[in-house]
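Side chains are part of it too, since the values below use all heavy atoms of this structure and drop only hydrogens, waters and symmetry mates.
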Amino acid sequence: FKIRNLFIKGLAASITLGIGGSAGQEGPIAAIGGTIGSSIGQFLKVSSREMKILVSCGVASGIAATFNAPIAGVFFAFEIVMLGNYELTNFAPVVIASALGTVTTRVLLGTEPAFTIPPYHLTSFWEIPLYIILGFVSALLSVYFIKLFYSTSDIFKKISIPPLIKPALGGLLVGIIGIGFPQVFGNGYEFAQQALFGEMGWTLLLGLFLFKMLATSITLGSGGAGGVFAPLIYIGIMLGGVYGYAVHALFPGFTAAPQVYALVGMGAFLAAATHAPLTGLFLLFELSGDY
């Protein structure tokens, strides 16, 4: 890592999101945190093991600060950066960094989480099999999204135009999608919030699920800067909402409202796509404030 990445990643992601690119700010923030940790490690000339811990601390702090979710920040660092190495000597510094990142954000920006979510509950234990099926559906469709993402990137690599033109072409294509579905622009948290309050019909949810995957693949595949974390949350919410409408139409007597499934879909799709189940689980808990 180089210290200039602190400015380049932040500025590039801000431009991409500011002009409507379909991406998230969490990835660049995590990268910036990791860069800070790496820079400190290089300055102190630490070992490779200690360097990985410092990078993990920076990543955890960034994710925790972004979502106001310290536990999710810790598990994101361990599942993504440390690859599941939960040694106690690794755990303590990451927990401290994540907690401090959250505290600092709450002092500066307040204690509100990324989403305001109404209270939900399990209507019936007969819903549990339906949630299990939602998990399988999320897993299968996350594989499709990953393949779409890399296929789109490969297509842009094969296009014989100057590299600086490719992000502009990607922006044009996303703009065309936005003519029909402007909700795909940016990180989309405002519209994800609406879905969690049940303010969207199933047809709109389905359209946003499909076109958000495409818009994100185009934005990042064409060279736009940003992260995939926020789009995964968005896509999972839309998928869960569509699924919720379907099961509520089939079993209205013992199923919760569709937006409850949207909330669960968020955690399921995120966990499946990132191979980070604990991150998805605890992020879901911390955003909803309901364990």
Check the pair Phe229, Leu283 against side-chain contact (heavy atoms from CB on, under 4.5 Å), reporting the backbone distance first and the verdict last. CA-CA 12 Å; Phe229 209 81; Leu283 184 63; 3.9 Å; yes
Decide side-chain contact (heavy atoms from CB on, under 4.5 Å) for Phe209 and Ile237; before the verdict, give the C-alpha distance in whole Å, the side-chain angles of both, and the deciding distance to 0.1 Å. CA-CA 8 Å; Phe209 165 70; Ile237 288 173; over 6 Å; no
Pair listing, ring-ring contact (aromatic ring centres under 6.0 Å, His included) test, anchored in residues 174-199, at least two apart: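 Residue pairs with at least one partner in residues 174-199: Phe115-Tyr189, Phe181-Phe211.
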Selection residues 22-55 - residue pairs positive for ring-ring contact (aromatic ring centres under 6.0 Å, His included), sequence neighbours left out: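 Every pair satisfying ring-ring contact (aromatic ring centres under 6.0 Å, His included) with a residue in residues 22-55: there are none.
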Do Phe76 and Val103 belong together in a cluster built from hydrophobic side chains that touch within less than 4.5 Å?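 No.
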Enumerate the residue pairs fulfilling side-chain hydrogen bond (donor to acceptor under 3.5 Å, both in side chains) with a member in [range], sequence neighbours excluded, ordered by first and then second residue.
{"range": "residues 220-244", "result": "none"}
{"range": "residues 65-78", "result": "Asn68-Arg106"}
{"range": "residues 249-268", "result": "Glu127-Tyr261, His248-Thr255"}

Any residue meeting side chain to side chain donor-acceptor pair (under 3.5 Å) with Thr102, in chain and number order, not counting sequence neighbours: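 None.
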Report yes if some heavy atom in the side chain of Val242 is under 4.5 Å from a heavy atom in the side chain of Tyr245; otherwise report no.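 A side-chain contact is absent here, since even the closest heavy-atom pair is not under 4.5 Å.
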Cluster companions of [X] among Ile, Leu, Val, Met, Phe, Trp, Tyr (side-chain spacing under 4.5 Å):
{"X": "Leu164", "answer": "none"}
{"X": "Leu108", "answer": "Leu109"}
{"X": "Leu17", "answer": "none"}
{"X": "Ile96", "answer": "Leu100"}

Val143: which residues meet the side chain to side chain contact (heavy atoms under 4.5 Å, CB included) condition with it, sequence neighbours left out?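 Partners of Val143 by the side chain to side chain contact (heavy atoms under 4.5 Å, CB included) criterion, ordered by chain and then number, come out as Lys147.
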Please set out all donor-acceptor pairs under 3.5 angstrom arising from side-chain atoms of residues 268-276, sequence neighbours excluded.
from   : atom 1 : to     : atom 2 : distance (Å)
Thr274 : OG1    : Leu270 : O      : 2.7
Thr274 : OG1    : Ala276 : N      : 3.4

Distance in Å, Thr152 OG1 paired with Lys157 NZ, rounded so as to fall on 0.5 Å steps: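 Result: 11.5 Å between the selected atoms.
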Going through the checks in order, is the ring-ring contact (aromatic ring centres under 6.0 Å, His included) test met by Phe251 and Phe254? CA-CA 6 Å; Phe251 311 106; Phe254 62 84; 5.4 Å; yes
